[in-house]
Amino acid sequence: MAKRFGFRKLKKTAFIIATTAFSLISFFNLSSQNEPEVQDEEVSFCLSCHGEETYEISDTVTGEYAKLKMFKELQIDLLKFRQSTHGEFKCTDCHSADFEEFPHPLSAKAEASYLCLDCHGDDEAYASFHFETIEEEYLKSVHATEEGDDFSCWNCHNPHAYKLSDKTPGQLGNRIAENNSVCLDCHGNVNSYYSLIGREKTDLIKSHDWLPNQPLHFSRVRCIDCHAATHDSILVAHMVLPAEDAVKNCVECHSTNSILWGSLYKHQAMTTRNELGFYNGMITNEAYIIGANRNYYLNVISIVIFILVIIGIAIHATLRYIYRHKRNAK
Amino acid sequence: MPNKRIYLYPVWIRLWHTINAILMVLLILSGLSMQYSNPDYPLIRFDLAVKMHNISGILLTVFFLYFLLAIIFNWAGKYYRMPLKEFGDHIFKQVKYYTVGIFRGDKPPFPVNEQRKFNPIQLLSYNAIQFLAIPLVIITGWALLFPETIVLDFFGYSGILLTSLLHVSMGFIISIFLIIHLYFITVGHSVTANLKSIVTGYHEVEEEDTLAARTPESNTTLDKNNKTHTKNPKT
Ligand code: HEM
């Protein structure tokens with residue numbers, strides 16, 4: 001982990017940023033030893049600018065003062081950051097310590113950011129996530145092949161908000177919404193898409209209008225369930241395929257051996273078993289997919305009723321036939 | 001032997017009934033294809049089944065509303081009225097007829113006449129289907145067509161699951177009704193007598209069962225809207 005720096009508590013509005021690297025260095029020397037406190041201090045130091053709509057700078061020498069706009073893309077929500085998977089971190093665990101200077105020096109900006117694998121690669125503690133396999137899969141995805149270095153894990157895993165999704169039952173709807181918002185933040189947002197490839201974004205609603213009840217599908221299945229190739233050892237598929245390879249055949253989901261058991265419902269499928277007598281019973285409380293969910297008992301009952309009705313009719317018809325002949329014979 | 005024809009199924013009912021029957025068969029076939037969808041043995045390809053089911057369902061609704069309005073503003077409503085007090089007794093008599101009397105060649109306890117188109121079992125089942133099962137299947141069907149109107153989470157259960165369960169159960173009940181209905185068509189004066197009635201509109205009855213035979217003057221007591229057409233094929 002990166003070396004920790006400390007800061008003196010500084011009131012936001014009265015915060016004076018030295019215009020020279022020299023004067024900032026002197027701040028560092030006043031660092032305190034209390035670690036969690038310190039970490040909070042560093043975060044609030046960065047967020048005194050990056051957590052606000054505006055920030056102020058002034059020159060200690062000339063006394064000149066300016067209030068400037070902090071652009072949306074550079075703003076960070078403290079609450080979301082704290083709740084995120086890496087929310088315990090301080091900013092300089094991932095960013096160069098040179099960012100403590102302002103204006104941020106080029107050396108800080110030029111430094112390549114860590115990738116997931118830099119920290120998680122070959123780490124026993126995260127073996128269950130199979131980071132290496134995810135990376136292999138990602139490298140085969142359209143995003144990696146089409147966009148190359150312009151695209152990385154961070155484009156989908158917002159470094160300041162990414163949260164491991166809640167897999168507890170009852171959270172299915174939220175999990176899908178969060179997951180899809182990752183894709184929609186880019187594919188549904190002209191600004192972020194355009195800035196990446198500089199050409200016109202297609203209309204997702206239009207390109208998915210072949211899907212009946214398109215809004216329901218988008219709120220009940222994930223984009224990746226149709227767009228990514230699954231891999232047995234990883235929970236969330238990462239190999240996003242070109243659009244022409246996406247699932248378009250309804251019965252791939254709407255049948256008892258639905259592909260969704262291996263993707264969207266994989267976690268539930270692995271942790272719960274067929275207890276309720278439902279085919280694919282683990283998710284039937286939270287979702288219903290015609291053709292895929294069948295209640296075993298209802299199936300049996302309806303077949304039994306059907307057969308009884310047919311037998312009853314057959315007996316009645318035969319008796320009618322026999323008795324009529326008897327009567328006619330008389 | 002039947003010796004009189006009464007006009008029981010006016011054109012509007014026959015029109016409704018024919019369209020309804022065709023739509024129901026389409027709905028059942030496409031519904032079964034979706035419910036038991038199997039990529040290897042598709043009865044009807046899934047996406048086609050969805051389209052077929054949606055279109056038939058919408059048409060069915062339109063024709064059902066037409067039926068309802070006709071029942072309310074036309075003379076046919078009276079045939080659907082159930083005599084609440086003695087109804088249990090009537091049902092019992094009719095069940096006894098279907099399970100015993102019919103084989104012995106007994107006369108039906110509730111023969112068709114101008115006042116009574118349906119026997120008690122028909123009355124009960126037509127009412128249950130027309131005013132319970134079909135409305136429920138239509139309401140749940142429209143809800144599934146516009147799923148954003150359904151609460152997605154109903155005390156931890158998918159609202160769509162519950163709506164769908166009701167829809168499919170009613171569909172099943174209607175299918176069972178259809179099978180029994182088809183069988184009972186053959187239980188007339190002759191095996192094809194009832195089928196002929198719903199095609200031509202005329203039902204063959206025995207003179208002494210008809211209203212005219214028992215109370216000759218009652219025909220005149222029916223008001224203008226309640227006019228029934230009687231016609232004797234032999235004259
Ligand atoms: C699920 C679909 C069906 C429903 C809901 C249904 C319903 C009904 C109803 C409500 C009546 C009484 C009409 C009246 O007010 O006069 C009736 C009569 C009749 N239906 Fe159907 N029907 C269906 C399908 C069929 C089919 C497929 C056939 C045969 C091809 C058929 C043959 C007849 C006949 C022959 C009658 C006249 C006999 C009688 O009054 O019982 N029906 N049906």
Side-chain angles (χ1 to χ4, degrees), chain A residues 169-174 176 210-217 219-220 248-259 278 283-295 298-299 301-303 305-306 308-310 312-324 326-328 330, chain B residues 31-42 45-51 53-54 98-106 144-150 152-165 167-169 171-173 175-180 182-184 186-187 190-191:
Chain A
Q171 295 301 316
L172 187 65
N174 290 345
I176 295 167
W210 54 273
L211 200 56
N213 286 327
Q214 182 260 335
L216 180 71
H217 276 94
S219 69
R220 305 305 278 174
K248 203 174 185 176
N249 187 0
C250 314
V251 281
E252 290 194 36
C253 292
H254 291 275
S255 59
T256 35
N257 54 350
S258 176
I259 55 167
F278 279 83
I283 58 100
T284 37
N285 288 354
E286 279 191 79
Y288 175 80
I289 312 156
I290 187 158
N293 299 117
R294 292 175 202 171
N295 184 297
L298 285 184
N299 248 6
I301 290 169
S302 54
I303 289 169
I305 292 178
F306 183 81
L308 286 181
V309 166
I310 298 291
I313 287 176
I315 292 176
H316 200 265
T318 319
L319 287 178
R320 259 172 73 209
Y321 183 78
I322 293 172
Y323 276 91
R324 174 174 295 189
K326 265 192 193 163
R327 266 184 280 126
N328 287 353
K330 261 184 218 166
Chain B
L32 281 173
S33 306
M34 293 190 290
Q35 179 70 16
Y36 296 106
S37 96
N38 183 328
D40 301 328
Y41 309 99
R45 217 177 73 205
F46 192 88
D47 50 333
L48 295 183
V50 171
K51 282 206 186 90
H53 204 76
N54 289 352
Y98 278 147
T99 49
V100 183
I102 192 169
F103 304 124
R104 293 197 304 232
D106 288 358
L144 291 167
L145 203 55
F146 294 98
E148 58 274 24
T149 57
I150 304 176
L152 281 181
D153 184 73
F154 187 81
F155 299 113
Y157 286 85
S158 153
I160 291 183
L161 166 68
L162 299 176
T163 315
S164 196
L165 218 54
H167 188 77
V168 173
S169 319
F172 176 72
I173 287 173
S175 314
I176 292 292
F177 162 82
L178 180 60
I179 294 168
I180 299 176
L182 287 177
Y183 175 64
F184 271 103
T186 67
V187 187
S190 70
V191 170

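Letters A, B, ... are given to chains in the order of the sequence lines, protein chains preceding strands, and every chain is numbered from 1.
With a 4.5 angstrom heavy-atom cutoff, A:Ile322 does not touch chain B via any of its atoms. With a 4.5 angstrom heavy-atom cutoff, B:Arg104 touches chain A only via backbone atoms. Heavy-atom distances place both the backbone and the side chain of B:Phe103 under 4.5 Å from chain A. Interface residue A:Arg327: only side-chain heavy atoms are found under 4.5 Å from chain B. Only the side chain of A:Pro212 comes within contact range of chain B, judged by heavy atoms closer than 4.5 Å. For B:Ser169, no part sits under 4.5 Å from any heavy atom of chain A, backbone or side chain.
Partners of B:Asn54 by side-chain hydrogen bond (donor to acceptor under 3.5 Å, both in side chains), not counting sequence neighbours: none found. Not counting sequence neighbours, A:Arg324 has no partner by the side-chain hydrogen bond (donor to acceptor under 3.5 Å, both in side chains) test.
Among A:Ala317, A:Gly312, A:Pro215, the residue with the largest count of heavy-atom pairs under 4.5 Å with chain B is A:Ala317.
With values rounded to the nearest 0.5 angstrom, A:Leu216 atom CG is found 11.5 Å from B:Leu145 atom CG. Rounding to the nearest 0.5 Å gives a distance of 8.0 Å between CG of A:Asn249 and CZ of B:Arg45.
Distance alone, capped at 3.5 Å, places no donor-acceptor pair between the B:Tyr98 side chain and the A:His316 backbone.
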When you look at A:Tyr321 and B:Val191, which way does the side chain to side chain contact (heavy atoms under 4.5 Å, CB included) test go after all the steps? CA-CA 11 Å; A:Tyr321 183 78; B:Val191 170; over 6 Å; no
Worked check of side chain to side chain contact (heavy atoms under 4.5 Å, CB included) between A:Leu298 and B:Val168: CA-CA 11 Å; A:Leu298 285 184; B:Val168 173; over 6 Å; no
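Proximity of A:Phe306 to B:Ile179: side-chain heavy atoms (C-beta onward) are separated by under 4.5 Å at one or more points.
In plain terms, the two heavy atoms of B:Thr186 and A:Arg320 that are nearest each other are O-NH2, 2.8 Å. Taking each heavy atom of B:Tyr36 and A:Ser302 in turn, the nearest pair found is OH-OG, 4.3 Å.
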